[in-house]
Amino acid sequence: MKDLSQQGTQTAHGGPSFLVREGEIVETRQGGGYARLRVVLAPPFAAPMPMPEPGQFFMVRLPWGPALPRALSPIAAGDGWIELFIKADGLLRGEMAAAPPGTRLALRGPYGTPFVRKANLERRYVLVGGGAGVAPILHFAAARPDLVASLALGFRTPGVRALLPGADVAVEEEDGTTAFGRLAETWQDGLGVIACGPLPLLAAVSRDARWSPAAYVSLEARLGCGFGACLGCTIPTPSGRKRVCVDGPLFACQEVPWLG
Amino acid sequence: MKDLSQQGTQTAHGGPSFLVREGEIVETRQGGGYARLRVVLAPPFAAPMPMPEPGQFFMVRLPWGPALPRALSPIAAGDGWIELFIKADGLLRGEMAAAPPGTRLALRGPYGTPFVRKANLERRYVLVGGGAGVAPILHFAAARPDLVASLALGFRTPGVRALLPGADVAVEEEDGTTAFGRLAETWQDGLGVIACGPLPLLAAVSRDARWSPAAYVSLEARLGCGFGACLGCTIPTPSGRKRVCVDGPLFACQEVPWLG
Amino acid sequence: MARVDVHSAKGSFRTPIVLASGPAGFGCDLARALDFRRIGALTTKTITHEPREGNPQPRIVDAPCGALNSIGLENPGVARFRSEVMPKIRALPTARIVSIAGRSADEVGKVAGALEGEPGVDWLELNLSCPNVRGETVADRPDAVSEYVRAVRAASSRPLLAKLSAGGGLVALADAALRAGADGLTLVNAVRGLRIDVETGKALLARATGGLCGPAILPIALAAVYEARRAFPEAFLVGTGGVVTARDAVEMLCAGANLVGVGFGVMADPAAVFGLAEGLERWLDARGVADVAEVVGAAHRGGWRVP
Amino acid sequence: MARVDVHSAKGSFRTPIVLASGPAGFGCDLARALDFRRIGALTTKTITHEPREGNPQPRIVDAPCGALNSIGLENPGVARFRSEVMPKIRALPTARIVSIAGRSADEVGKVAGALEGEPGVDWLELNLSCPNVRGETVADRPDAVSEYVRAVRAASSRPLLAKLSAGGGLVALADAALRAGADGLTLVNAVRGLRIDVETGKALLARATGGLCGPAILPIALAAVYEARRAFPEAFLVGTGGVVTARDAVEMLCAGANLVGVGFGVMADPAAVFGLAEGLERWLDARGVADVAEVVGAAHRGGWRVP
Ligand SMILES: Cc1cc2nc3c(=O)[nH]c(=O)nc-3n(C[C@H](O)[C@H](O)[C@H](O)COP(=O)(O)OP(=O)(O)OC[C@H]3O[C@@H](n4cnc5c(N)ncnc54)[C@H](O)[C@@H]3O)c2cc1C
Ligand SMILES: Cc1cc2nc3c(=O)[nH]c(=O)nc-3n(C[C@H](O)[C@H](O)[C@H](O)COP(=O)(O)OP(=O)(O)OC[C@H]3O[C@@H](n4cnc5c(N)ncnc54)[C@H](O)[C@@H]3O)c2cc1C
Ligand SMILES: Cc1cc2nc3c(=O)[nH]c(=O)nc-3n(C[C@H](O)[C@H](O)[C@H](O)COP(=O)(O)O)c2cc1C
Ligand SMILES: Cc1cc2nc3c(=O)[nH]c(=O)nc-3n(C[C@H](O)[C@H](O)[C@H](O)COP(=O)(O)O)c2cc1C
Ligand code: FES
Ligand code: FES
């Protein structure tokens, strides 16, 4: 393992790392069909993990979960730890949400282009997050307050609020308000949009000519490798096929005209 | 799960049970390449588990272990708990030996014909156990002291002694003594032999005309179902093919003439 | 409660869950504690004309998400099957599919003939695809499939399933079986596989290759059933391979199976297999599907749920 | 340290570990952080004459102990492969096996011809068995296999591997490929499989069926390599399918593979794949085996360890 670890960390400039590290779930909070997990990197791997930038993701596995790793974007990260925010549903996430503290995860990454390298940095943004899509949105908001005009976060049910202290969350079940509604309320000329969430939300964002010329969406795809090699995740764009895992996950709406 | 559990426990007379129960490893001790685990049955299944008789076994799985369950014979058992004694090696046992307390196992059983229903009860026995084979031997010795003349237990290395308090164990590495050597020393006319352990030990026992007419060996086979249906484990005997899982695991040496 | 009974021109089944040939033996051990009313049919271990001992030990070893077996058709022969086994299973509250095989068309005809007068033999399944015996894997030649099926057809009036392997040429073999008089197909048998004992370098199974079963082959079995259903929209299909959960069973039904066979699952967790029909009922109820027939073959008509 | 270099009449490899065609792409992403000296060869993603977009999303989904893919040969076409990809991979410290495919013998001949002058193309691998494109799975007819191999042979002087699927008829297809001039065989491609989205009843992959890869198919690939080695004692064989650990690799070598291909493993844990050669060295050292060649095909001669 020592030698592998050295191989895996010979990455230039904090680029993608191929080492599978072990992380331990130290705390799990549940609510409204979601879970928020605090994961600390287990030694001997605590030090060399490159810090994930907002929008980047890890490829995650559990020993008894699915064989293919899954992409998960931290909602927060620091030295030797990350927090994940997941839907408590699906082969991996269902097991993760139910796993007792002390459970070990296999993590590889971080991968993907950070939001700040795709978005125009001369603008401020309404950040739109729906469901598990709030994870990279809140990570971004905390890291780059200078780029944030407002937040538009939405969920179906209120149970999730306990997992997102301090966040102003629209809950459809309470009063019919949604992330998209909040966007429409708060958006103003000159602002851009960065959105992450379910496909119908992203489609609605990209369909709306008010902001779509300055809007970006973080796409989901079923990933294989996560680092650009397997072509499991490619999508058509006007400038050729792009890989969601390395060319994204964030794309300008103009790059994905088929979405709207 | 409730309905399944009722189905699984509609067994007449404590016969084989098909219900998969959950057991929690509450304590693990390691030594000399072996492990001794205390497993308590997790509710709601604590009550209906039929008590395993010496020589019987459970079919055991871990969520991340091999897909086929493995046969393990308790070394001791009581109301709602069993103790297992395993070689700390192999796909399942390696993982079990390393699993932290709190780990849950899936258990099905008990299966197999108890030793007392195969052995002639009018005789006393030298009980021979080699390696993990000491598990059913010590279970039997504790349950039926009236049938035991002496014990002949052997291991390669001394590290295992801490797991078998009170047992007099021959250690080949220390002074060249073996389970077979102890048998040869203590056997006397009129005594029978019951042996469990690696195949060469069983072959040596069954080859020796001094005791073989009154000797029994507990066989191993790669099991599929454990309850007599799949024919994964059948062996030839003079009276036709027999299934190790239900007709055994204990066989009179006369039944397995090919062994010696 | 959703309906889970299954009806074909040749017979009915209480539930779509069938015990596949082999792992359940003759069902006798299971019948002591489990309720066969929850099972649509018991398929017996394959019966040949003469008794067979099968292959030497070891004959079952591990595989990732499954197992490899080379039992090799150990069975008591058709005469003892009739005298010793049938009396025990005749009264089981489920349908009985008796699996048969042989080294020649003549032998399978004789076995089928010997069962003709036997009460309680509801269906026959002609095992054309056992990966574990020499000279009997006839299922890779359509002409041999025809010949065997015709021999059974001539000797027996029972509804007949032809059991085939996954792999290239499936449609041609299935076509041969159906034209020769089979009333349905069982897809698939275990898939040929091998494991090696790395410490010696020898094959783990005494007979080297064996048949891979269990969840590992679920996608392979689904593809075979899907392909057969597309080619034969009206055929009666038993989908077997890798099913262990109610969700797996739904996939098999959607791919086109009328009945779902379970082999490996019986070894891993027999009570769970007897709970599959109930799991299926609950699954259908939760989605407002009134009859399991609505999901059969759904993948060929754009899904069962029209959104 | 045990020797793990591999030598054939047509070329040498630093280690027996080969990146299989597909999951590693063109190796460029991996090369940024991993040491290609530990890899015997990089097999490129399959190249066709014209660029291809592949199949629609989703094109990779779960399977028990593996995954199902239907990428469908997305690639930039041979012209851009030469101008854009070859310059990047020419300097990698490993051998390059360029995988090619086409809709006709004519097309594969053209692709092979286009690569003839290209420095750094050490081997060709003719993909005769992609389960994910229509009309190109020629590998189930020996005459078509011959025709394709002959077309490549006529256009190219490079050593050539023919890549086949597992399943019935393997020996006849392999024989056709070797007689037509292939220098070796790659066994196996992904195995045809299907998964269904139970919530809708539709196939999960946009193209319905796909190719099953990963540990689930290890026993199937081992059986194919074993069968081919038995039939062709002298053939050069790349054993691919389900290998993720050094122990799996040993099994593949013992079954008869000269080189061991890894596909799924690159997606699951790429650093582990680059550690396989070292794992193999350690495994051999611990058992006093001086050269990996001693275990190749051991299962055909009573094992590598003569006790
Ligand atoms: C860059 C990126 C970042 C991401 N970050 C996050 C994040 O931070 N948090 C988060 O929660 N998600 C995130 N995702 C999404 C997540 O990776 C995927 O949803 C992934 O598939 C989850 O894996 P799983 O095993 O939990 O669910 P899966 O088992 O893959 O299931 C995904 C969905 O499909 C359904 N499904 C699966 N198989 C079947 C079947 N056979 N039939 C019917 N339905 C089926 C499940 O019920 C579930 O709703 C991200 C994705 C990307 C691409
Ligand atoms: C009735 C009965 C009762 C039993 N009771 C006990 C008990 O109480 N305690 C106990 O420890 N055992 C017991 N056993 C033995 C145990 O069930 C088997 O040894 C079982 O195979 C262990 O499973 P495993 O997954 O731990 O090891 P496995 O992975 O099955 O390995 C078993 C052995 O084979 C080797 N092996 C496995 N696969 C390969 C391969 N591909 N190449 C080379 N070698 C391989 C392993 O290294 C190991 O030494 C019992 C067996 C029976 C039949
Ligand atoms: C232990 C065992 C014995 C089997 N014996 C037979 C048999 O006698 N006849 C037969 O047609 N199939 C036999 N099979 C194959 C199964 O019926 C089934 O087709 C195959 O295992 C795939 O289904 P599964 O994955 O649910 O096990 C056997 C399978 C196993 C595991
Ligand atoms: C994502 C993916 C893409 C693949 N693309 C190709 C390909 O382009 N050409 C090819 O010959 N095989 C391709 N394969 C098949 C692999 O090379 C390999 O034969 C197969 O996956 C079995 O090996 P594995 O279990 O190690 O993955 C692909 C496999 C995967 C998983
Ligand atoms: S997931 Fe492999 S290329 Fe994107
Ligand atoms: S293990 Fe199935 S019959 Fe013995």
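Residue numbers start from 1 in every chain, and the chains themselves are labelled A, B, ... in the order their sequence lines are given, proteins ahead of strands. Treat the numbers as computed from the prediction; the structure is a model and nothing was measured.
Contacts of D:Ala268 with chain A are made by both backbone and side-chain atoms, with heavy-atom separations under 4.5 Å. Heavy atoms closer than 4.5 Å to chain A are found nowhere in D:Phe26, neither backbone nor side chain. Contact annotation for A:Leu91: only side-chain heavy atoms (C-beta onward) come within less than 4.5 Å of a heavy atom of chain D. Using a 4.5 Å cut-off between heavy atoms, A:Arg108 contacts chain D through its side chain alone, with no backbone atom that close. There is no contact between D:Val244 and chain A, counting heavy-atom distances below 4.5 Å.
Looking at D:Asn127 and D:Ser21, their side chains never bring a donor and an acceptor atom within 3.5 Å of each other. A donor-acceptor contact closer than 3.5 angstrom links the side chains of D:Thr186 and D:Glu125.
Considering only heavy-atom pairs separated by less than 4.5 Å from chain D, the leading option among A:Ala106, A:Gly226, A:Gly232, A:Ala221 is A:Gly232.
In this structure, the salt bridge (Lys or Arg N to Asp or Glu O under 4.0 Å) partners of A:Glu83, at least two apart in sequence or on a different chain, are A:Arg36, A:Arg38.
Residue pairs meeting the salt bridge (charged side-chain N to carboxylate O under 4.0 Å, His left out) criterion with at least one partner in residues 229-244 of chain A, sequence neighbours excluded, are A:Arg241-D:Glu53, A:Arg241-D:Glu74, A:Lys242-A:Glu255, A:Arg243-A:Asp247, A:Arg243-D:Asp29.
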Original post:
Between D:Asp197 and D:Lys202, does a salt bridge (Lys or Arg N to Asp or Glu O under 4.0 Å) hold up when you go through it step by step?
Top reply: CA-CA 6 Å; D:Asp197 180 340; D:Lys202 290 190 266 198; over 6 Å; no
